[in-house]
Amino acid sequence: MLTLEGRVAVVFGLANKRSIAWGIAQKLHAAGAKLAIGYQNERLKAEAHSLIADLPGSEAFQCDVSSDAEIDQTFAGFKERYGKLDILVHSIGFAPPDALKNDFHLTSREDFRIAHDVSVYSLIALSRAAAPLMTDGGSIVTLTYYGSEKVVPNYNIMGVAKAGLEATVRYLAADLGRKNIRVNAISAGPIKTLAARGIGGLGDMLKAHIDRSPLHRNTEQSEVGSTAAFLASDLASGITGEVIYVDSGYNIMGF
């Protein structure tokens, strides 16, 4: 039986009810985890606090993961509030609009830096802050996409960043395994999130997944949440450094 009773989970990346982070938070809460849910800035505060009202006992907090000072302050607060952490969810990805709209070879040096800082380095920074609090071991889960492996039109620099993120998962898994901390990624099919709306041709991506995936349907937010809950649980105690696909099987198809 999947249970997370007695576990403390921290979920970064909440934007609104369509966020993958929200789908994960719901499943972790349903499994019994005590939740802290992060949002990026003041603009998202009202939405975050409104959503967690549906998850009794959960708390919302603000943290800009591009700031080491904010990360340090946030995790100091976790230590004081909870004493330990068991689960860290990193559902964060960003690239400047021009880096998604323009041809890939026109990516600027600064846009490349920002995409990798926010989408990749943040996992390293959050894991480094979380590890000392995972005194009983733990599970770290991040979100990736098939554009890390194959060229997806309009995904551009995010594809390169997600490839870096997947490599980071493997290196962190090797680093933190001695502490009994597991690190895995979920490669989700396209979902209509706030972040995904910044990708040109999202409608075409969704249609292609319906047409070509073995299950002939798109990925549900709740399915990603269920997989994250599994990876966070003792049922996945032997799994680390992996990319788990939740995409209706799209990734196995040639064409």
Side-chain angles (χ1 to χ4, degrees), residues 9-28 33 35-40 44 48 63 65-66 87-95 100 115-127 130 138-150 152 155-173 182-199 202 205-206 209 218-233 236 239-248 250-251:
V10 179
V11 180
F12 285 86
L14 180 68
N16 57 35
K17 65 181 179 180
R18 291 186 177 179
S19 300
I20 291 176
W22 176 238
I24 293 174
Q26 289 176 300
K27 293 294 185 177
L28 295 179
L35 277 178
I37 301 175
Y39 56 93
Q40 181 188 9
L44 298 171
C63 181
V65 298
S66 66
I87 300 158
L88 168 66
V89 177
H90 172 273
S91 183
I92 296 168
F94 174 78
L100 298 174
H116 283 74
D117 182 27
V118 177
S119 307
V120 185
Y121 186 77
S122 61
L123 177 62
I124 301 172
L126 292 176
S127 297
S139 175
I140 298 172
V141 179
T142 188
L143 277 299
T144 186
Y145 173 62
Y146 188 55
S148 65
E149 299 178 49
K150 304 294 183 183
V152 174
Y155 203 58
N156 294 350
I157 191 59
M158 280 307 301
V160 179
K162 291 297 188 184
L165 181 69
E166 291 176 16
T168 296
V169 164
R170 292 187 285 272
Y171 278 90
L172 284 173
R182 297 178 293 106
V183 188
N184 293 288
I186 298 172
S187 184
I191 298 174
K192 288 182 180 179
T193 64
L194 182 64
R197 288 210 301 264
I199 308 295
L202 177 62
M205 291 169 65
L206 292 166
H209 273 252
N218 285 130
T219 305
E220 298 290 336
Q221 181 190 40
S222 62
E223 293 174 318
V224 181
S226 293
T227 304
F230 162 71
L231 288 172
S233 77
I239 301 174
T240 193
E242 298 290 345
V243 176
I244 309 296
Y245 294 90
V246 183
D247 64 354
S248 300
Y250 182 87
N251 74 94

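As a basis for the values below, the full set of heavy atoms in this structure was taken, side chains included, without hydrogen atoms, waters or symmetry mates.
- Using a 4.5 Å cut-off on side-chain heavy atoms (C-beta onward), Ile191 and Asn218 make no contact.
- Remark: Asn251 CG to Tyr145 OH distance equals 10.5 Å, nearest 0.5 Å.
- Aromatic ring pairs are classed by plane angle as parallel below 30°, tilted from 30° to 60° and perpendicular above 60°; the pair Tyr250 and Tyr146 is perpendicular.
- Closest of all the heavy-atom pairs between Ala21 and Phe12 is CB-O, 4.2 Å.
- Rounding to the nearest 0.5 Å gives a distance of 13.5 Å between OG of Ser233 and NZ of Lys27.
- A side-chain donor-acceptor contact under 3.5 Å links Arg182 to the backbone of Ile239.
- Atom NE2 of His90 is separated from atom CD1 of Ile140 by 10.5 Å, given to the nearest 0.5 angstrom.
- Looking at every heavy atom in both residues, Ala232 comes nearest to Ser139 through CA-OG, 3.5 Å.
- Ile124 has its side chain within reach of Tyr121: a pair of non-hydrogen atoms, C-beta onward, lies under 4.5 Å apart.
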Evaluate the criterion side chain to side chain contact (heavy atoms under 4.5 Å, CB included) for residue pair Leu143 and Ile24; output intermediate values, then yes/no. CA-CA 11 Å; Leu143 277 299; Ile24 293 174; 3.8 Å; yes
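- The closest side-chain heavy-atom distance from Leu88 to Ser127 is below 4.5 Å.
- In terms of heavy atoms, Ile20 sits closest to Ala188 at CD1-CB, 4.5 Å.
- Closest approach of Met158 and Ala95 over heavy atoms only: SD-CB, 3.7 Å.
- Residue Ser122 comes nearest to Val65 through the heavy atom pair CB-CG2, 3.7 Å, listed as atom of the first residue, atom of the second, then distance.
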Applying side chain to side chain contact (heavy atoms under 4.5 Å, CB included) to Val169 and Leu123, what does each step give before you reach the verdict? CA-CA 8 Å; Val169 164; Leu123 177 62; 4.1 Å; yes
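- Within the 3.5 Å criterion, the main-chain N or O of Ala185 finds no donor-acceptor partner in the side chain of Thr142.
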**OP:** Give the C-alpha distance, both sets of side-chain angles, the deciding distance and a yes or no for side chain to side chain contact (heavy atoms under 4.5 Å, CB included) between His116 and Ile157.
**Re:** CA-CA 9 Å; His116 283 74; Ile157 191 59; 4.0 Å; yes
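- Atom-to-atom distance recorded for Leu172:CG and Asn184:CG is 11.0 Å, nearest 0.5 angstrom.
- Annotation: the span from Ser19 atom OG to Ile37 atom CD1 amounts to 10.5 Å, rounded to 0.5 Å.
- In this structure, Glu166 contributes its side chain and Ser187 its backbone to no donor-acceptor pair below 3.5 Å.
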**Prompt:** Would Ile186 and Val141 count as a side chain to side chain contact (heavy atoms under 4.5 Å, CB included) if you check the C-alpha gap in whole Å, the side-chain angles of each, and the deciding distance to 0.1 Å?
**Reply:** CA-CA 7 Å; Ile186 298 172; Val141 179; 3.9 Å; yes
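- Note: Thr144 OG1 to Tyr245 OH = 8.0 Å, rounded to the nearest 0.5 Å.
- Taking all atoms of both residues into account, the shortest heavy-atom contact from Ala161 to Ser119 is CB-CB, 4.2 Å.
- For His209 and Thr219, the side-chain atoms include no donor-acceptor pair closer than 3.5 Å.
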